[in-house]
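Notes follow the structure.
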There are 2 protein chains.
Amino acid sequence: MTDKPTKVARPPAARALAKGAASQTRDEAPASNRATRAAERRAAIVDAAMEEFIARGFAATRLDDIAKRAGVAKGTIYLHFNDKESMFEELVRTVIVPVVTRLTTLPPPTGSVRDLVEAFASNFLKEVIGTRRGDLVRLIVAEGPRFPSVADFYYREVVSRGMAGMRALIELGIARGEIREKDLARYPQILIAPAMIAVIWQSLFARHAPLDAQDMLRVHLDLIFGERSTT
Amino acid sequence: MTDKPTKVARPPAARALAKGAASQTRDEAPASNRATRAAERRAAIVDAAMEEFIARGFAATRLDDIAKRAGVAKGTIYLHFNDKESMFEELVRTVIVPVVTRLTTLPPPTGSVRDLVEAFASNFLKEVIGTRRGDLVRLIVAEGPRFPSVADFYYREVVSRGMAGMRALIELGIARGEIREKDLARYPQILIAPAMIAVIWQSLFARHAPLDAQDMLRVHLDLIFGERSTT
DNA sequence: TGATTATGACTGACTAGTCAGTCATATATT
DNA sequence: AATATATGACTGACTAGTCAGTCATAATCA
């Protein structure tokens, strides 16, 4: 009755293609062809999963859809991840870490504190606000309570570091007389709040009322540092 | 085989209680006992649904759980709501509207603008931050993209109103010389941002680092209005 | 070098379970 | 009794996770 062993007719198209295209990229690793392709697939799965999770949230995302988007069979996902939950968790780590690294690398120890903060804001604007990464932040806010491990990770790797960095900058600004409000060092959140609001705004309300995040952040800095110091 | 018609032993406790307590509130309606009880049930369902949605998000929430928590059979839910989605949407409306009404009713047209804003902040602190209502805000942020109608409603009823109110206050503050930063009127978001951050913080990071929201808001107001005006 | 065997990445049909929504039946109200 | 409400067992659609089998590639052999 259930004799439908439809094993036949496997389309070997992708296979053949890959073989031809990706043989022996000996640029960076002794990586056998296999390992390379496996890494590529993992990356494809991570990308696809991020899109789907951002669009639908954790619970409503179907692994079938992730697989389809990644151009992979569902079973393949389970070669890289234990289950849906750990996939989500690893995904967040995978995507967040490089961003943090890039943002916390403050390159110019030159100029005024305001310039430093402005450079950071500009970076944040470009790297996060209005990008897929911004959506990821919203996703963490959304799913955090149901994924304590994700919230923990995010607090440890992003929030606490960002807060420490901001606090240091604020204290420097106070020491140099650029910032008047001494208590600000106790609440670096205030410095970051408008940037976070901008992230959320772009996800939720951009349709209703576009927000010029750059200009808003400038006004906010004026508030903290006093009116423009004319470079 | 499936003869477990366990119709027996229905616990009529809640039933009896409600019947006894709320009979004939002819204050507002020709409400028969029935209408009253129906309203109570609806309210119970809304409460239960809010708890569940906040705890699990829309997709992961089971109607069976809502029914159980509300002390009602699943079918009863469908006497009040068309389906899960419209229940969620109506729920948000039902819960949000009274809060907005309460918050936008600025009672004291006396004193300085700072006093006005402070009164508002204090209200917000008590009514929203760290409460179930705050969680609801986080839920809207979380589910908004998947429920455009909810996001629209929230923008129309809460965000745009709040922004307009804040803008008016800011302009008044500028006119009276209490606020220096003129451009602030273009971005009332800046005024509200720390309060929103506090809401999210309490949901996500309170465990890691408790936040004294009240004090933070005070510092923020100092930033905008200048140091304390000593009442 | 060319042939043979071993490996393990990959597949997708399948299982077991879940849950939104329905409706025949039971209960309460008038 | 007739009507309005409420119930919860049931159904069918849907999906996370599994696993026996396939096949390109790698390793070994002749």
Side-chain angles (χ1 to χ4, degrees), chain A residues 1-24 30-42 44-45 49 52 56 58-68 70-88, chain B residues 1-12 14-16 18-20 23-24 30-42 44-45 49 52 56 58-68 70-88:
Chain A
M1 184 175 285
T2 53
D3 55 349
K4 258 229 272 168
T6 330
K7 283 291 139 59
V8 283
R10 172 86 56 74
R15 218 69 66 88
L17 188 76
K19 179 164 75 176
S23 64
Q24 289 298 50
S32 68
N33 217 330
R34 271 187 177 176
T36 306
R37 289 198 4 104
E40 281 168 4
R41 302 215 130 183
R42 199 194 143 98
I45 292 170
E52 294 290 331
R56 312 184 131 72
F58 176 80
T61 290
R62 288 176 293 255
L63 290 190
D64 287 300
D65 289 346
I66 294 176
K68 190 183 297 178
V72 150
K74 184 151 67 149
T76 305
I77 293 175
Y78 287 90
L79 299 174
H80 294 274
F81 303 96
N82 283 328
D83 55 19
K84 200 182 174 189
E85 285 202 13
S86 59
M87 177 166 58
F88 180 71
Chain B
M1 184 173 286
T2 54
D3 54 350
K4 257 229 272 165
T6 330
K7 285 290 141 62
V8 283
R10 173 86 56 74
R15 220 71 66 88
K19 182 164 74 171
S23 64
Q24 290 297 50
S32 65
N33 218 332
R34 271 187 175 174
T36 307
R37 288 194 6 99
E40 281 169 3
R41 299 211 136 185
R42 200 194 142 96
I45 292 169
E52 294 291 329
R56 312 183 131 72
F58 176 80
T61 290
R62 289 175 292 254
L63 289 191
D64 287 297
D65 290 345
I66 293 176
K68 190 184 294 178
V72 150
K74 185 155 60 154
T76 306
I77 292 175
Y78 286 89
L79 300 174
H80 293 273
F81 302 95
N82 284 327
D83 56 20
K84 200 184 176 188
E85 285 205 14
S86 60
M87 177 166 59
F88 180 71

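We name chains A, B, ... by the order of the sequence lines, and we start the count at 1 in each one.
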Between [N] atom [atom2] and [X] atom [atom1], what is the distance in whole Å?
| X | N | atom1 | atom2 | result |
| --- | --- | --- | --- | --- |
| B:Tyr78 | D:dG8 | OH | P | 16 Å |
| A:Phe88 | D:dA16 | CZ | P | 15 Å |
| A:Asp65 | D:dC14 | CG | P | 12 Å |
| A:Ile66 | D:dT15 | CD1 | P | 12 Å |
| B:Ile77 | C:dC23 | CD1 | C1' | 16 Å |
| B:Met87 | C:dA20 | CE | P | 9 Å |

Quiz prompt | Pair of N/O donor and acceptor under 3.5 Å linking C:dG21 base with B:Lys74 side chain | solution =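 Counting by modelled atom types and ignoring angles, a donor-acceptor contact under 3.5 Å is found here.
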Quiz prompt | Interatomic distance, B:His80 atom NE2 to B:Ile45 atom CD1 [nearest 0.5 angstrom] | solution =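 Interatomic distance, B:His80 NE2 to B:Ile45 CD1, rounded to 0.5 Å: 4.5 Å.
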Can you figure out which of [options] approaches the side chain of [X] most closely?
| X | options | result |
| --- | --- | --- |
| B:Leu63 | D:dT18, C:dG21, C:dC10 | C:dG21 |
| B:Arg41 | D:dG17, D:dT7, C:dA20 | D:dT7 |
| A:Lys84 | C:dG21, D:dG8, D:dG17 | D:dG17 |
| A:Val72 | C:dT22, D:dG17, C:dT11 | C:dT11 |

Exercise. Select from A:Ala60 and A:Asn82 the residue whose nearest nucleotide in DNA chain D is closer to the 5' end of that strand.
Key: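 The residue whose closest nucleotide sits nearer the 5' end is A:Ala60.
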Quiz prompt | Verdict with reasoning, A:Ile66 to A:Met87, per side-chain contact (heavy atoms from CB on, under 4.5 Å) | solution = CA-CA 11 Å; A:Ile66 294 176; A:Met87 177 166 58; 3.8 Å; yes
Quiz item: At under 4.0 Å between heavy atoms, what does A:Leu79 touch on the DNA or RNA strands: base, sugar-phosphate, or nothing?
Solution: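 Since a base atom lies under 4.0 Å of A:Leu79, the category is base.
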Quiz prompt | Minimum-distance pair of heavy atoms, taken over all atoms of B:Val72 and B:Ile77 | solution =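 Result for this residue pair: CG1-N, 4.4 Å.
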Self-check item: Residue pairs fulfilling salt bridge (Lys or Arg N to Asp or Glu O under 4.0 Å) with at least one residue in residues 73-84 of chain B, sequence neighbours excluded
Solution: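 Of all non-adjacent pairs touching residues 73-84 of chain B, those that pass salt bridge (Lys or Arg N to Asp or Glu O under 4.0 Å) are B:Asp64-B:Lys74.
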Quiz item: Has A:Thr76 got a side-chain N or O lying under 4.0 Å from the OP1 or OP2 atom of C:dA9?
Solution: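 The answer is no; no side-chain N or O of A:Thr76 sits under 4.0 Å from OP1 or OP2.
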